Amino acid sequence: MNDIPELSLQNVRIANPEHVTEVIQNMIRDGQNKLQVVADFDRTLSKYTHRGQICSTCHNVLEEGHVLPEFYKDEARALRDHYFPIEMNPKLTIEEKIPVMVEWWTKAHDLLSKCHITKDDVRIMVENSTARLRDGCTWFFDQLQATDIPLLIFSAGIGDVIIEVIKHQATLHDNMKVVSNYLEYDDQGKMTGFQDEMIHVYNKNEGAIHDSDYFQKLEQRNNVILMGDSLGDLHMADRGVQNKLKIGFLNVKVEESLELYMKKYDIVILEDETLNVVNAILRKVL
Ligand code: TMP
C-alpha cells in the first residue's frame, strides 16, 4: 500500500489494509487480462459536487432547464421528497423497501412518458445541465479502453442521459457497456415509455442485466474493481469473483455513515470530486 500514496490520504479510509494490499497484489500478479471494472454512475463516476456546488444526477438533469414542463418538475420533485427518505431509511429492510422503490420508479417513468421528449431534447438537457463526470474520468475511460478492460456502468438512472453525459464530457468507448433504464421512442422520435424491465436501486444485480450472459462471457476475468456510492451498489458483481476490490464514494452524511461504509467497502473515499484514488490503483495494476 505504501507504493500507492493516494491510499494514505486523509479522506481515504480503509478498515482492513492487509486485505486491500493482498487484493491489489493479486490483481498486479494476474494482470490486465483478468480484470474487469463495474461502476455505478451517479455520484460515483459523476460528481456529487463541482467546486462545492451540488451537481445533477441523471434524473435531476430532466428537472433543470426549460425543456420539460413545470408540471413534470413539480411532480418529479414531489415523488423524490416522498420516496427518497424511504430509500435511505436505515430502519427499513431491503425487502421492505423493494416494493416501495418499484412504486417510485413506476410513477416516475409514467410521469416522464407523458412528456413525449425526443433524443434531441435529452442531448440539449444534458449539454445545459450541471451533471459532471469526476475529474480524471476521461483518463480512467481511455486507460481501460487502451488496455482492453471491460467497463460495465450499472445504473438505476436513465441510460439515454448517461450516454449523452459520457459523449459530451469524455468518450464512449466500445469496451464500455451501460446497463440502465432506456427510453423507448415511436416512429416520430417521441418518447413513449421505457424499454425492458426497470432497474431500481435494490435490483442492481446480475438479474437486472438484460443481456444476462455479460458476466458469463467475462468469466475468465475474475478480478473485479467495483465502484459505488450506495449500499445497493455492492451487489453489482456477485458472480464467480476471485479478487474483488470494493471502492465506495461517501459523499454525504459522512459522520453517520462512515462506520457502515467501512464495513461494506474495502476502500472508502470521502467528499472527493476526483477519480484520483481509483486511477492511482489502476496505474499500479496495469
Ligand atoms: P443509482 O444512480 O445509484 O443507480 O440510483 C438512482 C438514484 O436516482 C436513486 O437514489 C433514486 C434517484 N431517483 C431520482 O432522483 N428521481 C427519480 O425519479 C427516480 C425514479 C430515482
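Values in this document were obtained by computation on a predicted structure and should not be read as measured data. All ligand and atom numbering here is 1-based and tracks the order in the structure.
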Item to complete: State whether the number of non-hydrogen atoms from other residues, nucleotides or ligands found under 6.0 Å of Lys284 atom NZ is greater than 12.
Response: no
Discussion item. Starting from atom 3 (O) of ligand 1, what is the nearest protein heavy atom, named by residue and atom, and what distance separates them?
Written reply: Asp40 OD1, 3.3 Å
Worksheet entry | Modelled atom types, side-chain donor and acceptor of Glu64 and Ser56, under 3.5 Å | yes
Worksheet, complete the sentence: Filtering Trp105, Phe84, Phe154, Phe41 for the heavy atom nearest atom 7 (C) of ligand 1 leaves Trp105
Worksheet item: Quick one: nearest non-hydrogen protein atom to atom 15 (O) of ligand 1, plus distance?
Response: Arg80 NH1, 2.7 Å
Worksheet item: Within less than 4.0 angstrom of ligand 1, does Ser155 place any heavy atom?
Response: yes
Practice prompt. Of the side chain and backbone of His109, name the one, both, or neither that has a heavy atom under 4.0 Å from an atom of ligand 1.
Written response: neither
Item to complete: Measure up the Tyr83 and Trp104 rings against each other and bin them: parallel (under 30°), tilted (30 to 60°), perpendicular (over 60°).
Response: parallel
Worksheet entry | Shortest protein heavy-atom distance from atom 8 (O) of ligand 1, along with the residue and atom involved | His59 ND1, 3.3 Å
Worksheet item: In this structure, are over 12 heavy atoms from other groups packed under 6.0 Å from Glu255 atom CD?
Response: no
Worksheet item: Looking at Val165, Thr57, Ile158, which hits side-chain contact (heavy atoms from CB on, under 4.5 Å) with Phe41?
Response: Val165
Worksheet item: Under a 4.0 Å heavy-atom limit, does Arg43 contact ligand 1 with its side chain, its backbone, both, or neither?
Response: neither
Worksheet item: Nearest protein heavy-atom contact for atom 9 (C) of ligand 1: which residue, which atom, what distance?
Response: Glu87 OE1, 3.3 Å
Practice prompt. Check Ala108 against ligand 1 and report side chain, backbone, both or neither, counting heavy atoms closer than 4.0 Å.
Written response: side chain
Discussion item. Quick test: of every protein heavy atom, which one is nearest to atom 2 (O) of ligand 1, and how far off is it to 0.1 Å?
Written reply: Asp42 OD2, 3.3 Å
Worksheet item: Can you find a side-chain donor-acceptor pair between His173 and Asp142 that sits under 3.5 Å?
Response: yes
Worksheet item: In terms of heavy-atom contacts, does CD of Glu259 have more than 12 from other residues, nucleotides or ligands at under 6.0 Å?
Response: no
Worksheet entry | Atom indices of ligand 1 within 4.0 angstrom of Lys204 heavy atoms, with elements | 1 (P), 3 (O), 4 (O)
Worksheet item: How far is atom 4 (O) of ligand 1 from its nearest protein heavy atom, and which residue and atom is that?
Response: Ala156 N, 2.7 Å
Response to the item:
min-distance protein heavy atom vs atom 5 (O) of ligand 1 -> Val201 CG1, 3.5 Å
Discussion item. Counting only heavy atoms from other residues, nucleotides and ligands, does the tally under 6.0 Å from NZ of Lys73 exceed 12?
Written reply: yes
Worksheet item: Which word best sums up how the rings of His59 and Trp105 line up, parallel for under 30°, tilted for 30 to 60°, or perpendicular for over 60°?
Response: perpendicular
